[in-house]
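No experiment lies behind these values; they were computed from the predicted model shown. Sequence positions, counted from 1, serve as the residue numbers for this chain.
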Amino acid sequence: RSGRVVELARERVWALTVWAAMLGWTVVLSAIVRDGYLSFRVGRFDLGNMVQAVWSTAEGRPLEITHGATGEQMTRLGGHVDPFLGLLAPLWMLWPSPLVLAFAQIAAVSLGALPVFWLGRRHLGSDRAAGLLALGYLAYPWLAVTAVAAIHPVTFAIPLFLFCVWFLDSDRLVPFALCAVVAMSTGELMGLPIAALGIWFAVSRGRPWAGGGIALLGAAWTFVAVYLVVPAFSGEDSIFYGFYGHVGGSPQGVIRMVFTDPVTILGALFEVHDIVYVVWLGLPLLGLFLLSPGLAAVALPQLLANGLSDF
């Protein structure tokens with residue numbers, strides 16, 4: 001009995017350590033953002049767009065923003081399909097300040113340490129190893145850089161995706177579905193990693209029907225968002241197609257070039273700055289993600305989208 005008591009005490013110590021690290025991380029990064037905001041060092045364009053979309057929603061005009069080129073009012077869905085911003089309106093109503101959105105982003109990202117800790121404890125059988133992995137998540141430099149960049153809806157997808165992995169690993173499809181829907185609402189391309197998670201679940205857990213359904217729904221979200229929602233609210237194709245002009249200029253153009261001009265596609269993916277980008281992503285993690293190649297492959301859709309872009 002005494003041995004079990006000691007074991008439980010150790011488990012509690014590591015859990016408390018992770019929670020304390022999350023709190024400290026949130027407080028420090030919030031102070032950094034607050035200082036940047038008060039000193040006018042926070043990016044005006046992105047923060048202004050997000051604040052206006054949230055403020056307009058709170059005022060009864062869902063996701064309304066000012067078009068940067070024409071000065072006319074438009075719905076944000078004509079650029080990015082991220083209705084998630086509407087969920088932040090209640091926070092704005094409680095405290096109408098851009099800082100509330102920045103603080104919410106930082107706090108949300110810190111929560112990603114929890115599924116990392118839980119997954120590590122389950123698969124490694126060690127609270128110490130799990131705790132170190134959770135601390136490693138918080139210490140990952142690009143995570144902090146992203147969290148303090150106020151604000152971007154897709155940043156909220158980071159902890160949501162980790163919770164998605166946790167729920168799928170626990171075979172809890174209902175809470176997974178809730179997290180997946182919210183994660184997809186952060187951006188038009190967020191359905192692709194959800195679809196990749198479905199494929200991983202089908203293969204690694206032997207659940208072809210459930211995994212296939214998840215993959216189909218994730219792909220459907222991105223298809224509907226890109227081909228139906230954006231044109232409906234903007235009157236034209238996505239302005240972000242311009243980032244891919246050298247590789248086809250559209251999703252179907254990229255697919256066509258894969259078969260007609262694969263050399264150009266490979267050249268776009270293996271430019272020096274693309275290789276450096278991938279190296280810097282993986283270096284702080286010491287390549288540990290390669291120990292789970294199937295789950296690591298979930299990142300491929302976003303890596304391909306970033307690698308093919310000329311921005």
Side-chain angles (χ1 to χ4, degrees), residues 77-82 142 152-154 157-158 161 164-165 168 180 183-204 207-283 285 287 289-290 292-311:
L77 299 179
H80 281 301
V81 184
D82 45 17
W142 317 131
H152 301 94
V154 291
I158 296 172
F161 278 131
C164 282
V165 174
L168 279 185
M184 289 189 294
S185 75
T186 65
E188 62 274 10
L189 296 184
M190 293 300 101
L192 298 181
I194 290 295
L197 268 181
I199 296 173
W200 167 78
F201 185 62
V203 174
S204 66
R207 300 287 299 278
W209 289 106
I214 293 168
L216 181 62
L217 292 174
W221 164 261
T222 291
F223 179 86
V224 170
V226 172
Y227 287 104
L228 299 180
V229 177
V230 170
F233 285 95
S234 68
E236 58 187 6
D237 290 334
S238 172
I239 61 173
F240 300 105
Y241 282 2
F243 293 164
Y244 302 92
H246 62 303
V247 289
S250 67
Q252 61 268 34
V254 172
I255 294 174
R256 190 181 305 116
M257 286 195 70
V258 168
F259 297 99
T260 61
D261 191 3
V263 174
T264 297
I265 296 293
L266 291 174
L269 288 174
F270 290 95
E271 294 176 317
V272 173
H273 58 265
D274 290 318
I275 296 174
V276 171
Y277 160 66
V278 174
V279 169
W280 275 111
L281 278 178
L283 192 61
L285 299 174
F289 51 87
L290 295 176
S292 183
L295 193 54
V298 171
L300 285 177
Q302 286 298 115
L303 288 176
L304 290 173
N306 291 344
L308 289 172
S309 171
D310 62 3
F311 179 69

(request) Mark yes when over 12 heavy atoms from residues, nucleotides or ligands other than F270 sit less than 6.0 Å from its CZ; otherwise mark no. (result)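 It does not: F270 CZ has 12 such atoms or fewer within range.
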Output yes when a side-chain donor or acceptor of [X] lies under 3.5 Å from a complementary backbone atom of [Y], and no otherwise.
X    : Y    : result
T186 : A183 : yes
W142 : W280 : yes
E188 : V226 : no
W221 : G187 : yes
Y244 : A305 : yes

Considering only heavy atoms from C-beta outward, does the side chain of [X] approach that of [Y] to under 4.5 Å?
X    : Y    : answer
C164 : I194 : yes
L192 : L304 : no
S250 : D237 : no
V154 : D82  : no
V298 : F161 : no

(request) Just do the side-chain contact (heavy atoms from CB on, under 4.5 Å) check on Y277 and L303 with the steps written out, would you? (result) CA-CA 10 Å; Y277 160 66; L303 288 176; 4.0 Å; yes
(request) Can you tell me which residue pairs pass the side chain to side chain donor-acceptor pair (under 3.5 Å) test with a partner in residues 222-232, sequence neighbours excluded? (result)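 The answer is Y227-Q252.
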Looking only at non-hydrogen atoms, find the nearest pair between [X] and [Y] and report the distance.
X    : Y    : value
A195 : A219 : CB-N, 3.9 Å
A268 : D274 : O-OD2, 2.6 Å
V229 : V81  : CG1-CG2, 3.9 Å
G212 : A202 : N-CB, 4.3 Å
V247 : L308 : CG2-O, 4.0 Å
D261 : T264 : OD2-OG1, 2.5 Å

(request) Using the six-membered ring wherever Trp is involved, compare the ring planes of H80 and F240 and label them parallel, tilted or perpendicular (cut-offs 30° and 60°). (result)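 Rings of H80 and F240: parallel, under 30°.
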(message) To the nearest 0.5 Å, what is the distance between CD1 on I255 and OG1 on T260?
(response)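 Rounded to the nearest 0.5 Å, the CD1-OG1 separation comes out at 11.5 Å.
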(request) Would you give the length of the straight line joining atom CG of D310 to atom CD of E271, rounded to the nearest 0.5 angstrom? (result)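 That separation rounds to 8.5 Å.
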(message) According to side-chain hydrogen bond (donor to acceptor under 3.5 Å, both in side chains), who are the partners of Q302, at least two apart in sequence or on a separate chain?
(response)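 Applying side-chain hydrogen bond (donor to acceptor under 3.5 Å, both in side chains) to Q302 gives none.
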